[in-house]
Amino acid sequence: AGATRLRVSGGEPLLEPGLLEVLSIATTLGFETIQLETNAVVASQPGVAERLRQAGVSDALVSVHGASSAAADPVYGRSGAHEASMEGALALQKAGVRLIARTPLSADILEELPHIPSALHEAGLEIPTWWLRPLIRSPRSTFDPSSMPPLTQLGAAIRDAGFAAREVGMSVEIDDELGLPLCLFAGDNQSLRGLQRHPNRSRQDTHQKAAACTSCVASGDCPGQPIRYADLHGPWEVTPFERIPQALVARSSRPETYVI
């Protein structure tokens, strides 16, 4: 199919005994970019990061669940995990692997978000891009409805996180597999520019649109409101765009990236 990029995810792929063999096969097949989704904890062990780089890993999408051990360790479920994750990310960086940070936007982490960019910077990590990922319900995992914040809080947290990231030279992308309503970011051009495009996703069964959406000039590019969030927190108060924001014009001109 001409694919040149491969993303290896899990679970935690570093727990897979045959991972290095899989990576070596991918390199032999000609993948130019091999991105590993990981919490980087195992990469803190001696030699692991170097072996991953030698096997072909070019990029690591590192999960970051907080700015400190106090905030992040409860997510991992064990003490010391956050520190090991940061050490693993540093080891990957030293081995020549490019880093991207990614943070899932659960309700309990929103207040922590603005502190994460400076914490990564102070840890010596060179991370040019930070992905923020709104939660989607996966049938493969236990679901806690309280982890989904109201859209108003989510939008404000993303905006504040963007301000904090730019202070340390980090750009923000919203890994919007969920499909957020575009007017959630009305007046926030930075967040609109950072929304990753998923134009080929069907939203008929997962989203709904309000009557006010019919007058919005961006309605055709907007998925509407996630039904799951509306069921939990009530409907989002739509603010129709009267003119297409320039940030959306730039976003629409970017092709969707296909990754195997």
Report the C-alpha separation of His65 and Tyr76 in whole Å, then their side-chain angles, then the decisive distance to 0.1 Å, and conclude whether the ring-ring contact (aromatic ring centres under 6.0 Å, His included) test is met.
CA-CA 9 Å; His65 297 287; Tyr76 290 105; 5.3 Å; yes

Which is it for Arg159 and Phe185 under the side chain to side chain contact (heavy atoms under 4.5 Å, CB included) test, yes or no, and what are the steps along the way?
CA-CA 8 Å; Arg159 181 198 61 219; Phe185 304 110; over 6 Å; no

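For the pair Val172/Leu132, a side-chain contact is recorded, criterion being any heavy-atom separation below 4.5 Å from C-beta on. Two residues are said to be in side-chain contact when any heavy atoms from C-beta on lie closer than 4.5 Å; Cys183 and Cys213 fail this criterion. The shortest side-chain heavy-atom distance between Glu32 and Arg5 does not fall under the 4.5 Å cut-off. Side chains of Thr103 and Arg133 form no contact here, defined as non-hydrogen atoms less than 4.5 Å apart.
Under a 3.5 Å cut-off, the side chain of Ser219 and the backbone N or O of Cys216 do not form any donor-acceptor pair. Checking side-chain atoms of Glu12 against main-chain N and O of Asn39 turns up a donor-acceptor pair under 3.5 Å. Judged purely by atom type and a 3.5 angstrom limit, Ser44 has no side-chain atom pairing as donor or acceptor with the backbone of Ala40. Looking only at distances, no side-chain donor or acceptor of Lys94 sits under 3.5 Å from a matching main-chain atom of Ala89.
Considering every non-hydrogen atom in both Ala107 and Ser146, the closest pair reads CB-O, 3.5 Å. For the residue pair Pro117 and Ala164, the shortest heavy atom distance occurs at CB-O, 3.9 Å. Between Leu182 and Asp221 the shortest heavy-atom distance is CD1-O, 3.8 Å. Here the closest heavy-atom approach between residue Ala60 and residue Leu92 is recorded as CB-CD1, 4.0 Å. Smallest separation of non-hydrogen atoms from Val217 and Arg243: CG2-C, 3.6 Å. What you find for Leu36 and Pro13 is that their closest heavy atoms are CD1-CG, 3.7 Å.
If you chain together hydrophobic residues whose side chains sit under 4.5 Å apart, Leu20 and Leu6 fall into the same group. The hydrophobic clustering, which links ILVMFWY residues whose side-chain heavy atoms are closer than 4.5 Å, places Leu99 and Leu61 apart. In this structure, Leu154 is a member of the same hydrophobic cluster as Leu192, with clusters built from ILVMFWY side-chain heavy atoms closer than 4.5 Å. The hydrophobic clustering, which links ILVMFWY residues whose side-chain heavy atoms are closer than 4.5 Å, places Leu105 and Ile136 together. Residues Ile100 and Val8 do not share a hydrophobic cluster, clusters being chains of Ile/Leu/Val/Met/Phe/Trp/Tyr side chains in contact below 4.5 Å.
Remark: Ser147 OG to Ile109 CD1 distance equals 12.0 Å, nearest 0.5 Å. Note that the CG atom of Asp231 and the CE atom of Met148 stand 10.0 Å from one another [nearest 0.5 Å]. Here the straight-line distance linking atom CH2 of Trp130 with atom CD1 of Ile174 works out to 11.0 Å at 0.5 Å rounding.
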